[in-house]
Visitor: 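Dropping the structure in here first, questions after.
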Amino acid sequence: MGFRDVMHEKYKEILESYMEDQNEQALYLSQKFSRKSIEYKISPEEIISIHKTALMELEAERSDSVMPSFDILLEVMMGYGLAYREHQSLRTIQQELKSEIEVAANMQQTLLGTQIPDVDCLDIGAISVPARQMSGDYYHFVQDEQGAVSVAIADIIGKGIPAALCMSMIKYSMDSLPEGRHEPYQVLESLNRVVEQNVDPTMFITMFYGMYNTINHTFYYSSAGHEPGFFYNHETKEFEELYAKGLLLGVDKKTKYRQFEKRVDVGDVILLMSDGVTECRTEEGFIEVDTLIGYIEKYIHLEAQEIANKVYKELEYLQDFQLRDDFTLIILKRIK
Amino acid sequence: MNITIDVKEMEQYTKVKIVGEIDAYTAPKLRETIFPYAEKKNTKIVIDLSEVSYMDSTGLGVFVGLFKSLNANEGTLQLTGLSERLRRLFDITGLADIMNINSEVEGGV
């Protein structure tokens with residue numbers, strides 16, 4: 001029989017014995033009872049109710065026998081008092097941890113900070129807004145001496161601290177690629193091996209990696225399961241999807257990635273984004289790709305950073321200022 | 001934002017029917033419910049997604065984890081009844097090429 005089934009009887013016995021001759025042994029048994037009832041998650045009000053029932057059953061109507069009964073109740077409740085104080089101190093610890101996480105989040109921002117490269121022929125803009133405290137989106141720019149600008153945009157599936165740690169790992173693996181130029185498909189293949197070996201099997205990363213060659217004005221890109229970007233053709237005023245398909249990072253270490261290329265003329269725009277942009281949800285459902293393109297088109301004549309900011313504002317407004325997913329949008333515009 | 005997960009252990013395979021949305025809020029429940037089945041040897045799991053209205057990348061993570069876990073235990077995973085939107089998600093991520101996926105809801109297997 002479990003404690004719950006016998007606690008009533010047990011309490012009554014202790015109470016009866018104490019009411020009779022106020023013995024020490026009964027007080028000692030009350031302490032034991034207290035520990036046991038906490039262990040079995042009996043609430044304080046249940047104890048009071050047991051006390052009341054026991055008193056009624058013992059027909060203790062005279063006040064001289066009721067008074068001592070409170071000694072037992074008090075003894076039993078003492079354990080609850082201790083548990084309450086422990087709860088209070090845990091709350092303080094929890095608050096300390098929370099502020100430590102905030103520090104970690106800030107540090108994360110510093111560690112992962114990336115600088116938008118300054119090149120004559122490109123106007124580059126980027127915006128990244130987390131839906132919660134720590135972002136699962138990540139972007140990074142690299143500029144090499146031969147004039148190529150590379151951009152990585154990634155979404156770590158799985159949020160919070162594990163994702164944040166994972167992101168640092170990605171950044172440092174990218175930084176530690178040997179000197180020299182790396183083709184997008186090579187970067188993805190190398191990262192894929194790192195992720196496959198080091199990351200928890202339920203955590204995955206999507207990444208789009210592109211390299212803009214400023215000499216021949218060609219954009220080379222590969223994707224590991226990332227949301228496709230868009231390409232705006234200035235001459236025809238048309239948008240097309242930057243189609244690239246490839247397996248998520250971290251699923252199979254032997255994955256090969258295909259590389260695509262796109263010639264970029266003056267006025268053309270490359271738009272890269274996270275799924276927080278395309279999967280933007282409103283009261284009436286998801287926004288259609290055409291709606292999204294409509295917003296981009298409205299601002300396409302502006303400077304890259306302005307386009308990014310304005311599109312974000314529009315989508316934020318559509319979602320009633322409640323981001324459901326991290327939002328990252330990167331814009332590369334060829335200006336000469 | 002709710003989800004119901006119905007698991008039936010049949011003679012030849014484990015049938016799972018999911019109704020609702022799979023996102024960061026519901027994914028943990030889905031993972032807890034299905035993963036124990038994937039850890040047994042030689043399990044075949046068939047998941048009906050025809051009534052899943054929304055799935056985000058966290059949801060996708062659950063399926064990739066499930067797929068890996070089943071593969072490691074010589075089991076198989078089959079996803080059926082994917083809407084166009086879900087289908088696109090599996091296409092972009094390259095998962096459609098390595099997983100057994102079809103848009104039809106499977107009748108009697």
Visitor: With a sphere of 6.0 Å drawn around NZ of A:Lys254, does it hold more than 12 non-hydrogen atoms of other residues, nucleotides or ligands?
Guide: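 Incorrect, the count does not exceed 12.
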Visitor: Count the heavy atoms of every other residue, nucleotide or ligand shown that sit under 6.0 Å from NZ of A:Lys253, and state whether that count exceeds 12.
Guide: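 At most 12 heavy atoms, drawn from other residues, nucleotides or ligands, come within 6.0 Å of this atom.
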Visitor: Taking only residues two or more places apart in sequence, or in another chain, which ones meet B:Thr93 in a side-chain hydrogen bond (donor to acceptor under 3.5 Å, both in side chains)?
Guide: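 Once residues adjacent in sequence are excluded, B:Thr93 has no partner under the side-chain hydrogen bond (donor to acceptor under 3.5 Å, both in side chains) criterion.
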Visitor: Tell me which of these, B:Leu60, B:Asp91, B:Asn71, has more heavy-atom pairs under 4.5 Å with chain A than the rest.
Guide: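 If we count pairs closer than 4.5 Å to chain A, B:Asp91 comes out on top.
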Visitor: Testing the basics here: between A:Pro228 and B:Arg88, what is the closest heavy-atom pair and its distance to 0.1 Å?
Guide: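 Smallest heavy-atom distance, with atoms named: CD-NH2, 4.0 Å.
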Visitor: Any chance CZ of A:Arg91 has more than 12 other-residue heavy atoms, nucleotides or ligands included, within less than 6.0 Å?
Guide: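 No, not enclosed.
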Visitor: Could you tell me whether the side chain of A:Leu247 reaches within less than 4.5 Å of the side chain of B:Ile98, counting heavy atoms only?
Guide: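 Sidechains of A:Leu247 and B:Ile98: in contact.
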Visitor: If you take all heavy atoms of A:His226 and B:Ile92, which pair is closest and at what distance?
Guide: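 Looks like O-CG2, 3.1 Å.
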